[in-house]
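The structure under discussion appears below in the form of structure tokens.
First the proteins, then the strands, lettered A, B, ... as listed; each starts at 1.
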Number of protein chains: 2
Amino acid sequence: MNLKQLSELLGLSQTTVSRALNGYPEVNEATRERVLQAVKETGYRPNKAAQRLATGKAGSIGLVMPTAPGHQSDVHFGEFLAGLGEEAVRHDFHFVIMPSDPDDEVAALRRLAISGNVDALFIAYMRGHDPRLAMLKSLSMPYVVHGRSFGAEPDYPYLDIDNEGAFYDATRLLLQLGHTRFALMNGPMHLDFAIRRRNGVISALAERGLTLEEDCMSHALMTDEQGLLAMERFLQLPERPTAILCSSTVMALGAIRAVNQAGLRLGEDISLIAHDDVLPLLKPENFSVPLTTTRSSLRAAGVRIAQRLIGTVKQAGPFPEQELWKTELIVRASTGPAPQQS
Amino acid sequence: MNLKQLSELLGLSQTTVSRALNGYPEVNEATRERVLQAVKETGYRPNKAAQRLATGKAGSIGLVMPTAPGHQSDVHFGEFLAGLGEEAVRHDFHFVIMPSDPDDEVAALRRLAISGNVDALFIAYMRGHDPRLAMLKSLSMPYVVHGRSFGAEPDYPYLDIDNEGAFYDATRLLLQLGHTRFALMNGPMHLDFAIRRRNGVISALAERGLTLEEDCMSHALMTDEQGLLAMERFLQLPERPTAILCSSTVMALGAIRAVNQAGLRLGEDISLIAHDDVLPLLKPENFSVPLTTTRSSLRAAGVRIAQRLIGTVKQAGPFPEQELWKTELIVRASTGPAPQQS
DNA sequence: GTTGGGTGTCAAAGCGCTTTGAAATTTCTG
DNA sequence: CAGAAATTTCAAAGCGCTTTGACACCCAAC
């Protein structure tokens, strides 16, 4: 069933039917009713490709999904997508996901944009001096960045959380509890958020004249396994750290296992603060020792970014170009006063 | 830059350029070279919407993502998508994801299909007597189902794992170890895999004249939290089960916490076998007591389904319509002989 | 020297929609 | 009740691509 058939069925021109469907004022209410009725009966749906060709708009947001054999999928990706989707469904938008080798993301993004398949772009997993920014600017297509790119002029539309502030505050709390030996379990070091979190820790420590040694930092994929390995390394250091900052609750899971296996007690021998993206599968309050966290909902960020993107496409703006969300520091039982020097 | 401009630039007709680009034989090799060279220089990309309108093909796979405020995202979704993507990127296919309220999936699927935006469909989260199957059959668009629908004639193209066999085997192992009191922590009970896993357990028990009591079964979202709650319930039963079957490693995480909190030892007081979808974030071999699992890679399933889908669209078939993958039973330390009756 | 079969190229139609500019119809005004 | 204004409908062009059918050209064959 296409427009032509439908209009013949109704004895109207395609123009009138199209206008009736798209809410134009210059069509009789009675006619509109008839058209709507016929649509219901026939199940007619406009062909999106044709619509897009004619209007240049397609009601879709494009994003690149890094993937390759051996490339680990990321829990956070799904959660964020759920947020985007929650908003998209309200506006009848959909997503076009272009899978791409992680090494080929700039090109994949360009292909996606030029393909004419999408109205707006979303990008994430930002790196320091991210080469995608220049590409996006040259594109004249709306986009929003999740995160920022350390070292690049912050003149692009983004939504980010205050990673530096979060880890600064967390570190301060641990300092106030008397800790002096710190370690940081971070995400991959080329990623922007990892850089900023490290800086947050370092600057809080610097205020007390402390430094973060190289061997008290780990940069790795944020999995259970890497958490375990990193913590095992920390625990074997001659000057064992007592305060651990951790970039993810998933990673914290492995870290805590290492603490337990070493016969140490969380919240007493070792204090730990993890960043919580509010993943439904893993709640920090349900850990056997509930986790102190810096919290910011990834999903909420997804909803907001979708709002901005869709709003821009629909000219519903203006939206703020830059948003920086504060995180919450939620104190639970995994943090406690520094143990007495033994 | 579009075809017309490109052809004018080259002094050729659109036809010739189009043919050169699409590898048709009736074009001079020298001409083809010239065209390819120009494409490289100008960065020309064909407009996908126009291509799709002209050919009816778009190089895309459609899927519906259930989402709504309050609807929990699912770790497995991201992992599966990574598998789909891994294969799709090899064929320059992309995905169109239509977010939909979980209650509206049939309609969303229909919209997606009729929109003309996709060449093939993929569906998952199958339920018993799933209403989407009838819809898909009426659609004349290729599709592959991940999972099956209990109670429906198995005459649709699917890829599933042998859930019943997996849990049957796991139960048999525990029976051989002398266990007699069983409990099952399952996924939501309307889902097909949950039904089949339960049946697997029940039939293995029946062979020994045992039954699975109602209070030894839990059906819930497969999260850490639900695992904790379910296990706590089991442990408070007057006749405490000693053998637990669990539908997910994420759920097992919470379950194990409950076991520890009760002062019991995994692999001694309580034996546990979980189903492992091979999620990169959570490896059963790294648990403090390594987990005995039934294993089947979700990601591999994604790759395979993408193969079938893309192959069908490209007429590269034929593919088997029904595939049932066996799972592996991998014995680690979380299972042991039934404790002596105290 | 005509016929026949490749080979390389082209103009034009068509995919299903939106939108422009004009025409037909109805309604209002003096 | 004529003429203007407003309302409703329409035919046709255009979005960027693929594909059909035709055309010109060249070389081998009779």
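Residues meeting the salt bridge (Lys or Arg N to Asp or Glu O under 4.0 Å) test with E323(B), sequence neighbours left out: R304(B), R308(B). In this structure A134(A) satisfies the side-chain contact (heavy atoms from CB on, under 4.5 Å) test with no other residue, sequence neighbours excluded. For R45(B), there are no salt bridge (Lys or Arg N to Asp or Glu O under 4.0 Å) partners, not counting sequence neighbours. With sequence neighbours excluded, the residues that form a side-chain contact (heavy atoms from CB on, under 4.5 Å) with Y158(A) are V145(A), R148(A), P154(A), Y156(A), D160(A), Q322(A). Residues passing the side-chain contact (heavy atoms from CB on, under 4.5 Å) test with H91(A) are E87(A), F93(A), I310(A), K314(A), sequence neighbours excluded. Residues that satisfy the salt bridge (Lys or Arg N to Asp or Glu O under 4.0 Å) test with E79(A), not counting sequence neighbours, are absent from this structure.
At the heavy-atom level, E26(A) lies under 4.0 Å from base atoms of the strands shown.
For the contact set between residues 27-40 of chain B and DNA chain C, defined by any heavy atom under 4.0 Å, the members are V27(B), N28(B), T31(B).
Rounded to 10°, the helix from dG4(C)-dC27(D) to dG30(C)-dC1(D) has 50° between the axis fitted to its first five pairs and the one fitted to its last five.
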Expected list for residues 46-67 of chain B: side-chain donor-acceptor pairs under 3.5 angstrom, two or more places apart:
unit_1, atom_1, unit_2, atom_2, d
N47(B), OD1, A49(B), N, 2.7
N47(B), OD1, A50(B), N, 3.0
R52(B), NE, G116(B), O, 3.0
R52(B), NH1, G116(B), O, 2.2
R52(B), NH2, D119(B), OD1, 2.8
T55(B), OG1, Q51(B), O, 2.7
T55(B), OG1, K57(B), N, 3.0
T55(B), OG1, K57(B), O, 3.0
S60(B), OG, N117(B), O, 2.8
T67(B), OG1, A82(A), O, 3.1

Could you pull out all donor-acceptor pairs under 3.5 Å where a side-chain atom in residues 97-107 of chain A meets a protein atom, sequence neighbours excluded?
unit_1, atom_1, unit_2, atom_2, d
D101(A), OD1, D103(A), N, 3.0
E105(A), OE1, R132(A), NH1, 2.8

Donor-acceptor pairs are to be reported for all side-chain atoms of residues 18-26 of chain A against protein atoms at under 3.5 Å, with residues two or more places apart or in another chain.
unit_1, atom_1, unit_2, atom_2, d
N22(A), ND2, S18(A), O, 3.1

CA sep, side-chain torsions, deciding dist, call: F80(A), F122(A), ring pair (Phe, Tyr, Trp, His ring centres under 6.0 Å): CA-CA 11 Å; F80(A) 187 84; F122(A) 156 75; 4.8 Å; yes

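Residue L53(A) contributes atom CG, which lies 17 Å from atom P of dG14(C) at whole-angstrom precision. Note: CG (L3(B)) to C1' (dC10(C)) measures 14 Å, nearest angstrom. Atom CD of Q5(A) and atom C1' of dC17(C) are 13 Å apart (whole Å). One can place CG of L10(A) at 11 Å from P of dT9(D), the figure rounded to the nearest angstrom. When the P atom of dG16(D) is taken as reference, atom CZ of R52(A) falls 11 Å away, rounded to whole Å. Per the geometry, CD belonging to Q51(B) stands 18 Å off P belonging to dC15(C), to the nearest Å. The NZ atom of K48(A) sits 17 Å away from the C1' atom of dC15(D) (whole-angstrom rounding). The separation between K4(B) atom NZ and dA11(C) atom C1' is 13 Å, rounded to whole Å.
With respect to the salt-bridge test (charged N to carboxylate O, under 4.0 angstrom), the residues R299(B) and D277(B) do not qualify.
Comparing S13(B) and N47(A) against DNA chain C, the residue whose closest nucleotide sits nearer the 5' end is S13(B).
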Identify each atom pair where a protein N or O and an N or O of nucleotides 19-21 of chain D are less than 3.5 Å apart, giving names and distance.
unit_1, atom_1, unit_2, atom_2, d
dT19(D), OP2, Y24(B), OH, 2.6
dT19(D), O4, T15(B), OG1, 3.3

